[in-house]
2 protein chains.
Amino acid sequence: MKVSASKENHLKAIFHLQQEQGIVTTNALAAALKTRPASVTDMLKKLKDQKLLIYERYKGFKLNAEGKKAAIQVIRKHRLWEFFLVRKLQFGWEEVHEIAEELEHISSRKLVDRLDSFLGFPDTDPHGDPIPDGQGRFHTQRQKCLCELPLNKEVQVSGIASQTTEMLEVLQYNHIQLGTRLEVRKKFPFDDSLEVKVRNRPPVTISAQVAKNVLVKDDEPFAEKR
Amino acid sequence: MKVSASKENHLKAIFHLQQEQGIVTTNALAAALKTRPASVTDMLKKLKDQKLLIYERYKGFKLNAEGKKAAIQVIRKHRLWEFFLVRKLQFGWEEVHEIAEELEHISSRKLVDRLDSFLGFPDTDPHGDPIPDGQGRFHTQRQKCLCELPLNKEVQVSGIASQTTEMLEVLQYNHIQLGTRLEVRKKFPFDDSLEVKVRNRPPVTISAQVAKNVLVKDDEPFAEKR
DNA sequence: ATTACTTTTTAGATTTGTCTAAATTATATT
DNA sequence: AATATAATTTAGACAAATCTAAAAAGTAAT
């Protein structure tokens, strides 16, 4: 049973959404994929027919075991290719997402496994997201986000949750990137913005929207992967 | 102006055919692509509209300068990925064609150039075919085939023209692969089959059909690429 | 040059994935 | 509970790439 590139994109997006929400809605998925609700409905029917999805109309939906397995394989491919692009081809971590969106649809299972081995079985991609192994298991925890951090504790940026160019622009402007050491100095309850102190720099203010997407690891130094 | 994967496949096939024939026919292209003449005609119109093709109905067709440039870029991608798969991911040279057929449609130009650099700017792919550089120039000559070789001259296999599994099966059976040193001992005019002596092995007989697809380089040792 | 054959093209259908606009179902408010 | 609003689905259309069957154009052979 074949899964097209478009279906893979839907599976992946559903997987991510249901991580947060449990059940996924048509509108949310349409927004995530930059497509229309009607198109999502069309696709849902196909995915249901292929028994990858639990879905009843007007009721929301989520992946079943098969669907999750398929989605995780796509995520695995995406993250391995990102790792390859950054570590082997010297791409910047902020420019690999788009290319990996294409590479993730190459179908050969053997290719993915060989690539994994070639890269030394990494467990974290260049944005800090965990890379599932060949059996779909994650070996790394998801990082905490800046907004749920105690004050005045120095941490290190270990991942960026969203990779829109707009987001990355803000981060670059504030000299925050993967590996940056920083601490949260103050929280403003009015808009949940944060005052953040980056080592050796004046403090800057970060909106809640941005903070939500900056993932950090407590303390231990950022290990450069070879 | 976008060129879909299918269009790229057509461009590539036309390029190869016009190397041999100068002008290409609808039936020949349909056969090469395992599609139908009617489908080819449809695609020809699109390629003509995109000004990649010189084409008048019922008259045959060929790529113009733009079309050739586009085709060569696809060939470049295909052969670089094949090289990558064999040299970096330890694939056998007989199994990479299919995967490269997918990888060749990844669009990022930067990716291709970085890959080229990462691989050390190889000029020959694992089947012995020349890899064009970033400007579309070929730096290597096409190899001669076994059937047009003088008798009793030791040469080295530097390429396999066709990669069907059936072909490769015959070669494997006769212990012929990339790098094998051999010489042609005798030609049988009746069916153009050849008696071939592989170094350190008893002589074997090779059909004309197979010989046509075994490409060799005169003498100089097979340089292992790093 | 007329007929027979081959090649190529056209006409019309199909599949996949998308869309808009309208209809339907669910939810929220009074 | 009735109604307004929001979310979702259906209906119908479209573009891309393919197909089959039939028509048209070109080629060859007497």
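Every chain is numbered from 1 and lettered A, B, ... according to where its sequence line falls, protein lines coming before strand lines.
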Report task. Say whether H97(A) and H127(A), considering side chains only, have a donor N or O and an acceptor N or O under 3.5 Å apart. Result -> no
Quick one: side chains of residues 110-121 of chain A, donor-acceptor pairs under 3.5 Å with protein atoms, not counting sequence neighbours, listed by atom name and distance.
from    : atom 1 : to      : atom 2 : distance (Å)
K110(A) : NZ     : E95(B)  : OE1    : 2.8
D113(A) : OD1    : R76(A)  : NH2    : 2.8
D113(A) : OD1    : R109(A) : NE     : 3.4
D113(A) : OD2    : R109(A) : NE     : 3.2
R114(A) : NH1    : L89(B)  : O      : 2.9
R114(A) : NH1    : Q90(B)  : O      : 2.8
D116(A) : OD2    : R76(A)  : NH1    : 2.9
D116(A) : OD2    : R76(A)  : NH2    : 3.2

Report task. Assign a letter to each nucleotide of nucleotides 21-28 of chain D from its 5' end: B, base within under 4.0 Å of a protein heavy atom; S, sugar-phosphate only; -, no contact. Result -> B--BSS--
Report summary line: Sequence neighbours excluded, the answer for side-chain hydrogen bond (donor to acceptor under 3.5 Å, both in side chains) partners of S107(B) is E102(A)
Query - First of K2(A) and K34(A) reached from the 5' end of DNA chain C, by closest nucleotide - result: K2(A)
Query raised in the report: Using a cut-off of less than 4.0 Å, is there contact between a side-chain N or O of Y55(B) and OP1 or OP2 of dT9(C)?
Result: yes
Only pairs under 3.5 Å count here: list side-chain donor-acceptor contacts from residues 12-31 of chain B, not counting sequence neighbours, and write none if there are none.
from   : atom 1 : to      : atom 2 : distance (Å)
K12(B) : NZ     : E101(B) : OE2    : 2.7
K12(B) : NZ     : E104(B) : OE1    : 3.1
K12(B) : NZ     : E104(B) : OE2    : 3.2
Q18(B) : OE1    : L63(B)  : N      : 2.8
T25(B) : OG1    : A28(B)  : N      : 3.2

Requested in this report: For N9(B), enumerate each residue passing the side-chain hydrogen bond (donor to acceptor under 3.5 Å, both in side chains) test, keeping only those at least two apart in sequence or located in another chain.
Outcome: H105(B)
Requested in this report: Return the set of residues passing salt bridge (Lys or Arg N to Asp or Glu O under 4.0 Å) with E66(A) (not counting sequence neighbours), or none when no residue passes.
Outcome: K69(A)
**Report entry** Under-4.0 Å side-chain N/O to phosphate OP1/OP2 contact, R36(A) with dT18(C)
**Finding:** no
Query raised in the report: Partners of E98(B) by salt bridge (Lys or Arg N to Asp or Glu O under 4.0 Å), sequence neighbours excluded?
Result: none
Query raised in the report: Is the shortest side-chain N/O distance from S4(A) to OP1 or OP2 of dT16(C) below 4.0 Å?
Result: no
Query raised in the report: For DNA chain C, what residues of residues 7-28 of chain B have any heavy atom nearer than 4.0 Å?
Result: T25(B), T26(B), N27(B)
Query raised in the report: Would you say a side-chain N or O of T35(A) is under 4.0 Å from OP1 or OP2 of dC19(C)?
Result: yes
Query raised in the report: Quick one: CD1 on I75(B) to NZ on K68(B), what's the gap to the nearest 0.5 Å?
Result: 12.0 Å
Query raised in the report: Looking at residues at least two apart in the chain, or sitting in another chain, which of them share a side chain to side chain contact (heavy atoms under 4.5 Å, CB included) with T205(A)?
Result: S193(A)
Requested in this report: Check each residue of residues 41-53 of chain B for a non-hydrogen atom within less than 4.0 Å of any atom in DNA chain D, then write out the ones that pass by number, or none.
Outcome: D42(B), M43(B), K46(B)
List the atom pairs, donor and acceptor, that lie under 3.5 Å between side-chain atoms in residues 36-60 of chain A and the rest of the protein, sequence neighbours left out.
from   : atom 1 : to     : atom 2 : distance (Å)
T41(A) : OG1    : P37(A) : O      : 3.2
K48(A) : NZ     : Y55(A) : O      : 3.2

Query raised in the report: What nucleic acid atoms does S6(B) come within less than 4.0 Å of, heavy atoms only: base, sugar-phosphate, or nothing?
Result: sugar-phosphate
Query raised in the report: Got a sec, which residues hit side-chain hydrogen bond (donor to acceptor under 3.5 Å, both in side chains) with D133(B), two or more places apart in sequence or on another chain?
Result: R137(B), H139(B)
